[in-house]
Amino acid sequence: DPRVLIFERGAPGRVNAPQMPRPLAPPADIPSTLLRRAPLALPQVSELQVVRHYTRLSQRNFAIDTHFYPLGSCTMKYNPRAAHVAAQLPGFANRHPLAPESTGQGVLACLFELQEMLKDVTGMRAVSLTPMAGAQGEFAGVAMIRAYHAARNDLARDEILIPKAAHGTNPATAAMCGYRVREIDVRADGDIDLVALNAAIGPRTAGLMLTNPSTLGVFDRHIEDIAQRVHAAGGLLYYDGANLNAILGQVKPGDMGFDVVHLNLHKTFATPHGGGGPGAGPVGVGERLLPFLPVPMVGESGGRYYWITEKTRPQSIGRLSTFAGNVGVLLRAYVYARLVGREGMARIAHYAALNANYLLERLSRLGFEPAYPGRRAAHEFLLTLKGLKERTGVTALDVAKRLLDKGYHAPTIYFPLMVPECLLIEPTETESRDEIDGFVAAMAEILAEAETTPELLKAAPHTLPVRRVDEVRAARALDLVWKAHPASA
Amino acid sequence: DPRVLIFERGAPGRVNAPQMPRPLAPPADIPSTLLRRAPLALPQVSELQVVRHYTRLSQRNFAIDTHFYPLGSCTMKYNPRAAHVAAQLPGFANRHPLAPESTGQGVLACLFELQEMLKDVTGMRAVSLTPMAGAQGEFAGVAMIRAYHAARNDLARDEILIPKAAHGTNPATAAMCGYRVREIDVRADGDIDLVALNAAIGPRTAGLMLTNPSTLGVFDRHIEDIAQRVHAAGGLLYYDGANLNAILGQVKPGDMGFDVVHLNLHKTFATPHGGGGPGAGPVGVGERLLPFLPVPMVGESGGRYYWITEKTRPQSIGRLSTFAGNVGVLLRAYVYARLVGREGMARIAHYAALNANYLLERLSRLGFEPAYPGRRAAHEFLLTLKGLKERTGVTALDVAKRLLDKGYHAPTIYFPLMVPECLLIEPTETESRDEIDGFVAAMAEILAEAETTPELLKAAPHTLPVRRVDEVRAARALDLVWKAHPASA
Amino acid sequence: MPFIPHTAAETAAMLEATGARSLDDLFDEIPARLRSGPLTHVPEALTEHEIGRLMRERAAADGEFLTFVGAGAYEHHIPAAVWEIAGRGEFYTAYTPYQAEASQGTLQLLYEFQTMIASLVGLDVANASLYDGASALAEAVLMAVRLHGRSRRVLIPETVHPLYRQVVQTIVSAQAITLDLVPMDGAGTTDVGGLASRLAGAAGLVIPQPNFLGCLEDVHAMVAAARAAGVLAIGLVNPIACALIVPPGEWGPGCDIAVGEGQPLGAPLSSGGPYFGFMACRREHVRQMPGRIVGRTVDAAGHEAYTLTLQAREQHIRRSRATSNICTNQGLLVTAATVHMALLGPEGLRRVAAAAHANTAMLRARLEAIPGVRAAFPDTPFFHEVVLRLPVPVPEVLRALEAQGILGGCALGEFYPAFADSLLVCATETKTETDIAHYAHHLERIVTRRRLDPPCAYKDDNPRSP
Amino acid sequence: MPFIPHTAAETAAMLEATGARSLDDLFDEIPARLRSGPLTHVPEALTEHEIGRLMRERAAADGEFLTFVGAGAYEHHIPAAVWEIAGRGEFYTAYTPYQAEASQGTLQLLYEFQTMIASLVGLDVANASLYDGASALAEAVLMAVRLHGRSRRVLIPETVHPLYRQVVQTIVSAQAITLDLVPMDGAGTTDVGGLASRLAGAAGLVIPQPNFLGCLEDVHAMVAAARAAGVLAIGLVNPIACALIVPPGEWGPGCDIAVGEGQPLGAPLSSGGPYFGFMACRREHVRQMPGRIVGRTVDAAGHEAYTLTLQAREQHIRRSRATSNICTNQGLLVTAATVHMALLGPEGLRRVAAAAHANTAMLRARLEAIPGVRAAFPDTPFFHEVVLRLPVPVPEVLRALEAQGILGGCALGEFYPAFADSLLVCATETKTETDIAHYAHHLERIVTRRRLDPPCAYKDDNPRSP
């Protein structure tokens, strides 16, 4: 039974001899007060037990490789295996981060070329690959905005404007950078409320953080106007690249007027989500923010590649990771970008949009209610089940859990917070029409079940390894680490 | 749903561009009568669809990596991942079989050292690694016996003696080598009936094929006597290495008097069973059969390794594979052997025996009936459910299927054919006591169920991806390849 | 203890349960004088780190070459997903699917594989694999003799891979089967004219396409002649070729059996194995086919399910009257091949075949432009492999190319004395125009400058890593 | 089309369903003048075979070296099973387990991980990872400031990894937090005597063990001093060291928070990442801990089940008042680390630590025997990394060693001007006595012969491949 914890397996003294050096006495040169005496409660299991335990645990996951996974705003598209294999090549995997540049021309060439490609697709002047996730990319971006104003001695700007629909990372990032957050309303059509924006904008405005297309699944049609207003007020525009997949090769953030952008390579560039990372959140900037980019970056001169560090970038916001960020992830993104190629970039957005609009249309015809009717879906779209809930008591959570029973990962639910009972659905371009049609059929069944047997949905899921999980109890009766029962301690 | 066939997915014209060269016109230099016109009914699916389909199919298997798999006579022990990774190293994986020896010193060194180690554990004079599975090793062995007699012009020997309990491959192999098979009875204590052997042995005897310990799970105590009799009659002794795991490092076939032996590296040397192969069935021989070994083998001279071929082995029975057998499997076995090491070889048999005797003892105490009571189990043992069947109607098949429900792969059933309602159970040394105790508990439950709710067992399995499979229908209404329905053809 | 989980306490408790006093006690039925002393040729155990390092060193020592050798094993692109899937524990560490309910993954995959192979060769049914191409051919010969029932003579052209012929000889010779060698004509193909007289009274005729020399045989005529003579036709094919050229099921009136080497479908070259053999036949012959076969049926609930079937043919049931002694086959390679074929699809396989052929045609043209180098069979259609005659000794050329990181081809002299000056070369789809030009450049240097310097002097200052 | 499954027919049918006339039509809400022209810096698509070959060439160009560099990233044996498991699609291609019922595999694994880390560092609870060691330290500094509530000054010793200090500075500087540098004494450790006065009014004290120079700090006294001053103690540890030396939870009265770089637990060096940061703390601090946390609970049937918990701390709920902006963490590395720790177990981790330490001690002894080479802190206890002063310029030595396939250590001059003549060296358990002798041999040649020949002349005729 895979539910038995790894700590409950095994036996005291069981070891895997091939995996460890031969035993040695405790070192005599370390003072005894500094030697560990406390027991170390790691499992004592055989290699076979470990392989069997985690293989079977893995089977208790949904994943892109096993299920359609239309988790809105996460771009769960196919992660090419070729990228994984390439990043694990010994020459890459075994290279020490402090090894000299002379021993890293291969990996540096890949990183440099990735920088160049990302500059192109974002319309930015320079890119630093070092942020280790989208949120760290956001941090870098806002920290650069802060550094820019500080460098100009423009010190009164202490506010960042953020639309209400934004990812939670946006306000959290602004706060980490010492900014006050002003949230801006969104209109009923999904675009930013320009009146509210006008009211908020002013001499305290350091910048505006925007995702476009937004987390509502629509492209803000007034982006040029917005950019003009923010710039006129002396602020800068930050582009959250969470939804870049929607516009890749179609429109560049730089052309929309953004001064700084981060990308989520684990979304748009198909690096794996890994059960929650590692991601990679490169940042790109326009002219004004060039001096402030985080280090290290990769430079090229006469066919040789080298690290650009704080030594030549005195105004850099600094380092964000000990070494150079998630290089292994960057290599995967590089492989993906080369496989997709020039023409392929624009195709990604084309087909991400096609799948999203097709799915939106089919679900609408079933009777599901779009949160922003009449708008084109970007690469994702938002449904609201407010009406369904009023009619049947069935919530977005119930629909999500029932989808699991039918072999589909649930969409993102209850986000953005401002839309009641919402489902944010992102099919991605790598799903085929057959798979999307299967999802539509499942949603149709659920809609029928909601009307006829809502209790079936309230109790879902029924066919997964566990029934519905009690999250309230988890937070109240905290059980975060396993403790041996007294008898087995 | 993974049960949808790969052919039923996809769409006409769907291609995976990264996986194929750019398109070309059909070659003009090949006559049109020789060009293919028939449609090619391969799937037309995306890479994601392929990965998802086969990932989910894989989850519908039991395997060593997921379940205790005590399949008697198959030695389903842990297959170290290190061996898999090493065999796939580019220098090994990309080497062409006809590449010169100068480019293969690494792989040849491994093969040569493997030969040396196998000589040691079998007590043989020389080993050829080329047979691609146990049955091909058997073929090589019997073909050498045949060549030996032929070389001596001893042409009247047209019979091979084989105990009734033997693997079916033994008689089938003897027949493939042009021999008549004489089956020898086994006594009630599991040893060969020496009276019957004496009666069968004679001037027509080319040899005797023996597995020791036998497929009955016991070591034949009269092996020296048997060897003496066969040799006295001018025959040779063939050792079927299927059960070598039971005696590794404890007793060598050569010391028992065998003239030729094959090993199953996918059993004793932990190379993967792969859903049914590839195996590897090296053969070792004593003095008399040296000239007849199949080629190629690996020689060493002055620290350089080279292929030994038919050119220097005119009496060789010849080649068994186009090139050099399953080299990738041999590399895995080599890694395993080096990880186990000198002391480890004998330990394998020690603990294989310990697990088998412990499990036998515990099942006996539950009331299961050993087929050969009073005998030590080798690395496996035989139970008979004859009594249970008479009492409850529950068969070995029912017990096997019910074990699947409880998360254990079934033992081998109905083999050897001579023991009614038998289960051949081989836990292997890599299973822990915890796992074996769990199996005992499951068997106890099944025994109770057999007495109280036999219909539960007759209908088992209940929790697997499919219910009990209709094998009779499979053979009667043959459906061996998928045909598109007219509409989708 | 490597791979043995027992602690001392567990060992003691378990021993006690068995009533034995020691581990050695468990072996007390073995005559004591037979018990081994310590092993002397097995080194002490290494840790995984130590063996890993040793294996990396040895693999690195074997190097990587730009390979223009084919001759039965072909370098093709293998999608990364192939072995990532085949290496999954559920496939890698399962065994033959004896318990159907616990093996539906492998069984359904094998059913899909059988379907793919049958379509590829244009026949009705296929088995779940044999060991490799050569042993599959041997099994086909045995099968033809069983099906024919009266003759034990099988015709095998000289153009069949010489190593395959050796393997077949090894395997069928004990059963009093005669292999009758059909000579090659001047065009590198089988002399069809002389075939009729040999066919009379034979059980089977092997027909390679392409043949070992890369030449395309007149398969339609050969099968027609066999059928007319009541002889079973056995097609021996390259599976990649089948995507482009007419498959055995459609040669003349159609082959009875088709076999081949599965290696080009996802198996790494790996110094010769593991590969897999495939076999397909007409439906009416299925009960004489050796090897595992999977059938689709239903479960107790009436749902589709898969199982091994026709086991009455096999050794574990029929014993000495089985169709073959084969038991374990090449399941893992078949898993890889199934994923490989699914990823490539019909268009992918066709493109691979066309690109491989075009590259070899380009290679031939580039090399023929070198003074003294000429195609051995300039007018014979070929597929992705050609024979070239060289103006300098072949072994010397190969050594000089090797020094440049190039494996230049297969020296034919070893197999055909009349072709001692010949090289069998192959450029699959993995070779670029640059690779081919690189080969041509070095061959030209070697051929034209050989009288000036010893071979070692040809080493380029800046060899191109493949 | 790479990774896009649509056929032309499907595209047309789907477009029709949406009412759009073309794919471009789907973008008609975007102002037309903003639409991009063709990309100019993205090359044309490669096939998987082409990019595979390019990547193999580049990886091979980077070579393999015998590495004696540590300085925050350590070469350890990683069992083959680790990445074979972590690379399984079910782990590799899942996301953060938002849907608990469909993510029990990842969730249970994370719960096991949290348990392992908590035990390793001797604290009550752990989170499910942060980005890397340096950013984890920054988060710990922020957490200490939140917990303290009154002070925004945090003490950070000069012996903390200089790059970590840079990262912390980058991350905390915008929040008006002051990092107060505590100087190093002559023994390579923190001056505990001078600590008391600095501690007054501080929020936190960072305590590295071992510190960047490999030296062991007087951690018991430092934590005691912090506790006495009402300052939160943040232990910064190497997880391998924790198996052998006293863990942060047992330093004096016990640290409040422990963080570290998880790389030594199964992550390949990979030029610097991806690695993962770990963080543990006392139970009472858990609501100020950043990052994902998994809890055990029950499902609707009362069976044990796992879920993300305490999400009210996180950005997606609390937005600008969250404990951190972190969202995606380093899940896959944590998966690998969990498998890694399970495979090694307590004994394995202890042996790795002891062997690494013994090897570095041997290396130090061998190198100190070279004339002019001496340990910088001969009397300070250390763990698996030491500072050596060299009689010749460090960059020159490193270049000469590199030519022999050896990465000889980390040049300290870049980080500490007073140590321009010093090298930080590390030999983990992966180094053999032969490797160490090999290093010593070459260093001796370089040191003693440097006036005779330029560095390039030191190249051995027969360099030993690592």
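Proteins get letters first, then strands, A, B, ... in listed order; numbering begins at 1 in each.
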At their closest point, which heavy atom of [X] faces which heavy atom of [Y], and how far apart are they?
X	Y	answer
C:L269	B:P97	O-CD, 4.2 Å
B:A135	C:C327	CB-N, 4.3 Å
B:G178	C:Q175	N-CG, 4.5 Å
C:R88	B:S58	NE-OG, 2.9 Å
C:A305	B:V466	CB-CG1, 4.1 Å
B:K401	C:A100	NZ-N, 4.4 Å

So which of [options] has the biggest tally of heavy-atom pairs under 4.5 Å with chain C?
options	answer
B:V327, B:D65, B:D479	B:D479
B:R14, B:H409, B:Q88, B:R375	B:R375
B:G318, B:G104, B:P39, B:S432	B:G104
B:C177, B:A86, B:G279	B:C177
B:F62, B:Y351, B:Y358	B:Y351

Roughly how far apart are [X] [atom1] and [Y] [atom2], rounded to 0.5 Å?
X	Y	atom1	atom2	answer
C:F91	B:Q59	CZ	CD	9.5 Å
B:Q19	C:R351	CD	CZ	12.0 Å
C:L39	B:D120	CG	CG	4.5 Å
B:L57	C:Q108	CG	CD	4.5 Å
B:F7	C:M116	CZ	CE	4.0 Å

Top contributor to chain B interface from C:P38, C:S135, C:C242 [non-hydrogen pairs under 4.5 Å]: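 The residue among C:P38, C:S135, C:C242 with the greatest pair count is C:C242.
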
Please check this pair: side chain of [X] against backbone of [Y], looking for a donor-acceptor N/O pair closer than 3.5 Å.
X	Y	result
C:E112	B:I6	yes
C:N325	B:M176	no
B:R95	C:S271	no
B:N16	C:L343	yes
B:D470	C:T297	no
C:Q114	B:L480	yes
B:R342	C:V42	yes
B:N94	C:S270	no
C:T170	B:I317	yes
B:R433	C:P5	no

Would you tell me whether B:T103 and C:E402 have side-chain atoms, one donor and one acceptor, within less than 3.5 Å of each other?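 Looking only at side-chain atoms, C:E402 and B:T103 do not form any donor-acceptor pair under 3.5 Å.
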
If we ignore angles and hydrogens, is there a donor and acceptor under 3.5 Å between the side chains of B:N61 and C:T106?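 Short answer, yes.
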
Is [X] close to chain B through its backbone or its side chain, or both, or neither, when contacts mean heavy atoms under 4.5 Å?
X	value
C:A358	side chain
C:D124	backbone
C:I51	side chain
C:I326	backbone
C:A301	both
C:L54	side chain
C:E48	both
C:L407	side chain
C:Q104	both
C:T11	both

Taking the six-membered ring for Trp, are B:H84 and C:Y92 parallel (under 30°), tilted (30 to 60°) or perpendicular (over 60°)?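 B:H84 vs C:Y92 ring planes: tilted.
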
Over 60° means perpendicular and under 30° means parallel, so classify the ring planes of C:Y95 and B:H273, tilted if in between.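 Correct class here is perpendicular.
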
Are there over 12 heavy-atom neighbours, none belonging to B:E343, within less than 6.0 Å of that residue's CD?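 No - once you tally the heavy atoms of other residues, nucleotides and ligands closer than 6.0 Å, there are 12 at most.
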
Is the B:F415 to C:H316 ring centre distance short of 6.0 Å?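 For B:F415 and C:H316, the ring centres are not under 6.0 Å apart.
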
